[in-house]
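Working notes for the structure below.
Worth saying up front: this structure is predicted, and the values here are computed from it rather than measured. Values below: all heavy atoms of this structure, side chains included; hydrogens, waters and symmetry mates excluded. Proteins get letters first, then strands, A, B, ... in listed order; numbering begins at 1 in each.
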Number of protein chains: 2
Amino acid sequence: MTTEQQTHVPTQALRIVLVDDHAIVRHGLRSILERESDLEVVGEASTAAEAAAVVERTRPSIVLLDLKLSTAADTEGLDLCARLTQRHPDLAVLVLTTFLDDSLVVEAIQHGARGYVVKDVDTTELLRSIRAVARNESAFDSHAAAAMVRSMRVQPLRPKFTERELNVLQMLAHGLSNREIGGELYISETTVKFHVRNIMRKMDASSRAEVVYEASKLGVI
Amino acid sequence: MTTEQQTHVPTQALRIVLVDDHAIVRHGLRSILERESDLEVVGEASTAAEAAAVVERTRPSIVLLDLKLSTAADTEGLDLCARLTQRHPDLAVLVLTTFLDDSLVVEAIQHGARGYVVKDVDTTELLRSIRAVARNESAFDSHAAAAMVRSMRVQPLRPKFTERELNVLQMLAHGLSNREIGGELYISETTVKFHVRNIMRKMDASSRAEVVYEASKLGVI
DNA sequence: ACGGCACCTGTCCGATCGGACAGGGGGCGC
DNA sequence: GCGCCCCCTGTCCGATCGGACAGGTGCCGT
């Protein structure tokens, strides 16, 4: 909104560290940011460990963080985010990631991120977001904001299953019949039906096929 | 293997067009490529339509293509790939995408791509791949190559469905019953069963739940 | 000791599904 | 025209599923 109010050069350039496992992306970001007189890229990192070290050394005011470090889980990026913001409460972490994942937006915030933008925002929007988080504000692009709203509302997400139900759900999701599941778990077909009915009730589904569909949405498969 | 044999400067710089919906990525690529004396970025595009026009105008020898254009399906990028390679048989399309999707590797090749690398390869590997496809060779990073091997073996991958079967498969995958599907498509329940049986036969599945499972693996959902 | 919970089992029944018949219609290539 | 394929429809039947009964066991916390 008031992006143009700071026409004066700030006391000092904003010191930025880039964390992304893609060298290409780091290059692109650097070339964009270094055109701005009030921004300065003081470090890069491609892994969580490296990032922690670089931040420790360069003491930036902003970290641009891609949560999808390595091919592994998002946990690594989220953990890094939490560690950085705990050790440096003034540090502004702006998550800059490729795809929009509703649950990831929420988790990022819970882990201390101050903003979340996807990489296909245009350049000016990115710069605006950077300056916003530097001012202790928050920054979300429209998609991420929408994801937040979605995540806020609905949630009885993943309605708590018992141990046994999770077993059954797994096999159910793989297309096994009640009889087959019973064979695998050494329980009677009747018992399987008992669990399946409870799963369907909790998922508000009305057929095993729908259960498989919901399971695939929830990433159970 | 023989990457160093062309120490002489080629007759002319390789003309390259970048196609990626992320401005950041285009920037990064451009800054990397323009450091090389034998490479020249002659155009950029962020959409399929734009890409077709830019290629028509600039006549590059290489297109670096991100298949995931927009948030939509991969179809757009694949279609573009097919169109480009059909109209310009000498054009080398190198797919440069973020994530590795086994089936996408195969489809990219079937749609005329000459190489497939994921964005987290290092810079030298990317340059090597670009020069390889320019020489009419192929280029796959190790992950993509592994994906190809995987895809080669087992596969009667995605066994060719008819139009109608794809409709039914969609709804099947969302957990609808035969009756409901019939209602949606304005056909009788019997006909739905006819299609469902054909789908199950083609997928080698023995229940609709298994179909949903397979569909989720194939990314139909 | 008692209630609560997760887990297990059975019977009975109507609805749905999976599969095998046996057809008819339209489009397309040879 | 003829064959081929896709699409549509019906009937009949056994298997499975979805759901409603009515139970029994063992663990845990109060």
Side-chain angles (χ1 to χ4, degrees), chain A residues 155-218 220-221, chain B residues 73 75 78-79 82 86 107 110 155-218 220-221:
Chain A
Q155 253 63 319
L157 193 61
R158 206 176 298 232
K160 282 182 293 178
F161 294 105
T162 70
E163 194 79 22
R164 213 48 165 169
E165 284 165 356
L166 284 175
N167 292 337
V168 175
L169 179 54
Q170 277 295 327
M171 305 189 186
L172 205 49
H174 283 70
L176 276 66
S177 73
N178 290 339
R179 192 186 310 278
E180 288 167 333
I181 296 173
E184 290 290 327
L185 296 180
Y186 302 104
I187 57 179
S188 89
E189 190 181 341
T190 306
T191 306
V192 176
K193 289 173 67 173
F194 168 78
H195 292 304
V196 171
R197 273 193 300 117
N198 287 330
I199 291 170
M200 289 196 297
R201 183 176 45 76
K202 290 184 181 180
M203 278 185 159
D204 196 29
S206 61
S207 78
R208 61 203 301 104
E210 196 177 340
V211 167
V212 179
Y213 168 61
E214 295 294 338
S216 82
K217 280 202 307 186
L218 267 59
V220 177
I221 301 180
Chain B
T75 330
L78 288 172
D79 285 351
Q86 272 176 12
E107 288 195 271
Q110 291 171 339
Q155 251 55 324
L157 190 63
R158 205 174 299 227
K160 281 181 294 176
F161 294 104
T162 69
E163 193 79 21
R164 213 46 165 170
E165 283 165 356
L166 284 175
N167 292 338
V168 175
L169 179 54
Q170 276 295 328
M171 304 189 188
L172 206 49
H174 283 70
L176 275 67
S177 72
N178 291 339
R179 192 187 311 278
E180 288 167 334
I181 296 173
E184 290 291 326
L185 296 179
Y186 302 103
I187 57 180
S188 88
E189 189 180 342
T190 306
T191 307
V192 176
K193 289 173 69 172
F194 167 79
H195 293 304
V196 171
R197 273 193 301 118
N198 287 331
I199 291 170
M200 289 196 298
R201 183 177 44 75
K202 290 184 181 178
M203 277 187 161
D204 195 31
S206 61
S207 77
R208 62 204 298 106
E210 195 177 341
V211 167
V212 179
Y213 169 61
E214 296 294 338
S216 83
K217 279 203 306 186
L218 267 58
V220 177
I221 301 180

Practice problem: Before giving the answer on side chain to side chain contact (heavy atoms under 4.5 Å, CB included), spell out for H174(B) and Q170(B) the whole-Å C-alpha distance, their side-chain angles and the decisive distance to 0.1 Å. | Solution: CA-CA 6 Å; H174(B) 283 70; Q170(B) 276 295 328; 3.7 Å; yes
Quiz item: Within the structure shown, what part of the strands sits under 4.0 Å from E165(B) by heavy-atom distance: base, sugar-phosphate, or nothing?
Solution: nothing
Quiz item: What are the two closest heavy atoms between L172(B) and I181(B), and how far apart are they?
Solution: N-CD1, 3.9 Å
Self-check item: Atom pair OG (S207(A)) and CE (M200(A)), whose distance is rounded to the nearest 0.5 Å
Solution: 7.5 Å
Quiz item: Within the pair T162(B) and dC5(D), is there a side-chain N or O less than 4.0 Å away from OP1 or OP2?
Solution: no
Practice problem: May I have the distance from L166(B) (atom CG) to dC7(D) (atom C1'), rounded to whole angstrom? | Solution: 14 Å
Quiz item: Listed by chain and number, what are the salt bridge (charged side-chain N to carboxylate O under 4.0 Å, His left out) partners of R179(B), not counting sequence neighbours?
Solution: E189(B)
Self-check item: Passing option when N178(A) is tested against H195(A), K193(A), R208(A) for side chain to side chain donor-acceptor pair (under 3.5 Å)
Solution: R208(A)
Exercise. Applying side chain to side chain contact (heavy atoms under 4.5 Å, CB included), run through M171(A) and V192(A) and close with a yes or a no.
Key: CA-CA 11 Å; M171(A) 305 189 186; V192(A) 176; over 6 Å; no
Self-check item: S188(B) side, atom OG; F194(B) side, atom CZ - distance, nearest 0.5 Å
Solution: 11.0 Å
Quiz item: Which angle, rounded to 10°, do you find between the first-five-pair axis and the last-five-pair axis of the helix from dA1(C)-dT30(D) to dC30(C)-dG1(D)?
Solution: 40°
Quiz item: What's the verdict on side chain to side chain contact (heavy atoms under 4.5 Å, CB included) for R164(B) and N167(B), showing C-alpha distance, side-chain angles and the deciding distance?
Solution: CA-CA 5 Å; R164(B) 213 46 165 170; N167(B) 292 338; 3.4 Å; yes
Exercise. Please report the shortest heavy-atom distance between A173(B) and A215(B), naming the atom on each side.
Key: CB-CB, 4.0 Å
Protein-nucleic acid N or O pairs under 3.5 Å, nucleotides 22-24 of chain D:
none

Quiz prompt | Where L169(B) and F161(B) come nearest, the two heavy atoms and their spacing | solution = CD2-CE1, 4.0 Å
Practice problem: For E165(A), enumerate each residue passing the salt bridge (charged side-chain N to carboxylate O under 4.0 Å, His left out) test, keeping only those at least two apart in sequence or located in another chain. | Solution: K202(A)
Self-check item: First and last nucleotide of DNA chain C, 5' to 3', lying under 4.0 Å from heavy atoms of chain A
Solution: dA6(C) to dT11(C)
Exercise. Give the rounded distance in Å between these two atoms: NZ of K202(B) and P of dC5(D).
Key: 11 Å
Quiz prompt | CG-OG1 distance between N198(A) and T162(A), expressed to the nearest 0.5 angstrom | solution = 7.5 Å
Practice problem: Find which nucleotide of DNA chain D each of R164(B) and K193(B) is nearest to by heavy atoms, and output the residue with the more 5' nucleotide. | Solution: R164(B)
Quiz item: Which of residues 179-192 of chain B sit near DNA chain D, with a heavy atom under 4.0 Å from it?
Solution: I187(B), S188(B), T190(B), T191(B)
